[in-house]
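Residue numbering restarts at 1 for every chain, and letters A, B, ... go by the order of the sequence lines.
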2 protein chains.
Amino acid sequence: MVLQTDNPKADPATKDLLGVVDRGPSLTDQVYEKLRRGLLMGVWSPGEKLTARKLSRDLGVSLTPAREAIMRLVNEGALDVSEKRTFSTVDLNCEQYKEVMRLRGALEPIAIELATPLFSEEEITRLIDLNEQMKAMISEERYNDALQIDSEFHLSICDRAEQPLMRSIIDTLWLRAGPTRNRLSYSYRKRLIGYENHKRIIAAIQLRDAAAAAAAIERDLSEGAAVIVAVLSGDQPDS
Amino acid sequence: MVLQTDNPKADPATKDLLGVVDRGPSLTDQVYEKLRRGLLMGVWSPGEKLTARKLSRDLGVSLTPAREAIMRLVNEGALDVSEKRTFSTVDLNCEQYKEVMRLRGALEPIAIELATPLFSEEEITRLIDLNEQMKAMISEERYNDALQIDSEFHLSICDRAEQPLMRSIIDTLWLRAGPTRNRLSYSYRKRLIGYENHKRIIAAIQLRDAAAAAAAIERDLSEGAAVIVAVLSGDQPDS
DNA sequence: TATTGAAATATGATATATCAAATGACATAA
DNA sequence: TTATGTCATTTGATATATCATATTTCAATA
C-alpha cells in the first residue's frame, strides 16, 4: 500500500538531522507482498486452492491480515473466488490470456515511448545485463528463472516511464498472468525469441528512437504471446 | 466481487426446475458498491476524510466489512491512505489527472474498435438517447447529472467490447478521477463539446467504421481532458 | 463394491475486543 | 492572545470469537 506523505509545517532542518520515523509496512502489506511474490515465482500452480487460515498459520499472523491480503489479490484478479467462496490462484484460458496480452500490448509501448528519452547509460547497461542473464538461464534450461528476468526487464522499462498509475496497472497484468506463464514455461524451451527482441528494444533505446522502441516491444509481446496461445488453444498436455 | 461459477456434476434438469440458490453479495460487497457509487456521484468531495467506524455505523454493519470495502477502494486508487493511515478520497493534481486520461486514451479506443461491429440497433438507439439526455442536463445546468450520463455513455460502449479485464481497468480509471471530475463539473458549463463528439462516435458506429469510432473517442477524450487540465493547471478558484 | 448420511472438521464472513497511535478539548503558562 | 502540556476520545491494525456453510471421514446399508 502506497502511503501519501503530507505534514504541512515540518521543520526541514530537524527532519534532516533526525531523519523520519517510519512505521513500517502493516502485517497485511507484508502478507500481500509475500503472496504476490509467490504468485510471480510460481509457488502455487494455477488453480491451486488457498485458505486464509492456512496462510495465517504459515506466516504466523492472525486471520485478519491474511484474509485482507487475499482479498486484495482477489480484487486485482490475481486470485479467484469460487461460487462457494473459496480462494484459488487463477488459471487463465486462452481468451483471458489474450486479453491480458492485448492490454500489455496497449500499455507497454506507451510506457517505453515515454521512457526512451529518460534512460541513463547505467540503466541501459543494466537492461543489457538482464537480457544476457536471461539468455544464460535459457541455455541452462532454467526457464522459470528466465521468466523472472524477463519480467524484471519489462517492468524496469515501465518503471522508467514514471507513470505510477500505468505502472500499477501493468503490475496487475503480470500478476494475473504469472501462474499461467510459469506453468507453461517449458514452452519457452530453447527459444530465444525474447532475447533477440529484447536486443532490438535496447538498440532502439540507445538510439533514443521512441517509436522504434515501441514497435520492438510490441513485436516482443505478440511473438511471446503467440507461443503461449498456441499451447493454450491447442490444449496440449504439459511438456 | 465476481464469483466464478463451477460445480462439475450438477444435474441440469434439476437446476432448471428449481433454479439456483444464490447467496447474495456479502456485506463487504454491498458496502463497496455503495462507496463506489458515492464516489462517482460526488457524495464526498475530493480530499474529504473517511473513517471505517463512521461508515460502519452509518451503514449498520460491523467494522470488518466497512474496513474491507475501504481497503479495496484504496487498492484501486480511489481512496487515499495518509502517512498516518487515515482514509480520504483522492484529489488528483494535474499530472495525475493527465495520467488517468492518457490511460483512458489508450484503452477506450481499443474498446470501441472491438465493440463497433457488435452493437445492435437498440444499443445504438440507447447511445443516442443517452447523448440527448446529456444535452438536456447541460442546458438545465445540471452538470453533475450530465457527467453521470457521460460516464454511462462511455462505459456502455466499453461494456460492448466484452473484454472484462479491460472493462474493470477502465472502471477503476473512472472511479479514481470521479471526485475530481465532479468537483470541476462547473467547468463544463454551457459546453457542448462532449455532445458533438458523442454524435461523431455514434455516427462512426452506425457506419461500422471502427477506426473512425476510435478516432472520434480519442478526440472526445482529449478535448474533455483539455478543459479539466486547463482548470487544474491554472489552479483557478472554484467557479 | 458403491452409495448414503450423519458427525467431525475446516472455512469464509462477520462481529467484537484490544492496543497503540493520532486527534481533540481544555486548562494553564508565557 | 498564543503556545504547551495533559487527558479523554477516536481511529486503524490486529487478534479472537461466533456462526452458517462446506468438506471430509467413515461407518451403515443396499
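Along DNA chain D, the nucleotide nearest to B:Phe87 and the one nearest to A:Gly60 differ in position, and the one closer to the 5' end is contacted by B:Phe87.
Between B:Arg23 and D:dA22 there is a side-chain polar atom (N or O) within less than 4.0 angstrom of OP1 or OP2. In terms of phosphate contacts, A:Thr51 brings a side-chain nitrogen or oxygen within less than 4.0 Å of OP1 or OP2 of C:dT11. Within the structure, a side-chain polar atom (N or O) of B:Arg85 is placed less than 4.0 Å from OP1 or OP2 of D:dA13.
Residues B:Met166 and B:Ile170 have side chains in contact (heavy-atom distance under 4.5 Å, counting atoms from C-beta outward). The closest side-chain heavy-atom distance from A:Leu50 to A:Thr86 is not below 4.5 Å. By the 4.5 Å heavy-atom criterion applied to side chains, B:Arg176 and B:Gln96 are not counted as neighbours.
Closest approach to the A:Lys84 side chain among C:dA13, D:dT14, D:dT23 is made by D:dT23 (side chain taken as heavy atoms from C-beta onward). Among the nucleotides C:dG12, C:dA13, D:dG12, the one closest to any side-chain atom of A:Ala52 is C:dG12. Nearest nucleotide to the side chain of B:Arg57, out of D:dA15, D:dT11, D:dT18: D:dT11.
Atom CG of A:Leu59 is separated from atom P of D:dA13 by 19 Å (rounded to the nearest Å). Separating the CG atom of A:Leu63 from the P atom of D:dT14 is a distance of 13 Å, rounded to the nearest angstrom. For the pair A:Asp80 CG and C:dG12 P, the interatomic distance rounds to 14 Å; values are reported in whole Å. Rounded to whole angstrom, the span from the CZ atom of A:Arg72 across to the P atom of D:dA13 amounts to 10 Å. Summarising the geometry, the separation between CD on B:Gln30 and P on C:dA13 is reported as 13 Å, rounded to the nearest angstrom. If you take CG of A:Asp29 and P of D:dG12, they are 15 Å apart, rounded to a whole angstrom. Rounding to whole angstrom units, CZ of residue B:Arg53 and C1' of C:dT16 are separated by 11 Å. The nearest whole Å value for the distance from the CD atom in A:Glu68 to the P atom in C:dT14 is 13 Å.
Between the side chains of B:Ser156 and B:Asp159, no donor-acceptor pair is found at a separation under 3.5 Å.
Geometric assessment of B:Arg104 against the ring of B:Trp174 yields a positive cation-pi assignment under the 6.0 Å and 45° thresholds.
In this structure, A:Leu55 reaches neither bases nor backbone, as no heavy-atom distance under 4.0 Å exists between it and the strands shown. The residue B:Ile70 sits apart from the nucleic acid: no heavy atom pair falls under 4.0 Å.
The base of D:dA15 is paired with the side chain of A:Thr64 by a donor and an acceptor separated by under 3.5 Å. Judged by distance alone, with hydrogens and angles left aside, A:Arg67 brings no side-chain donor or acceptor close enough to the base of C:dG12 to form a pair under 3.5 Å.
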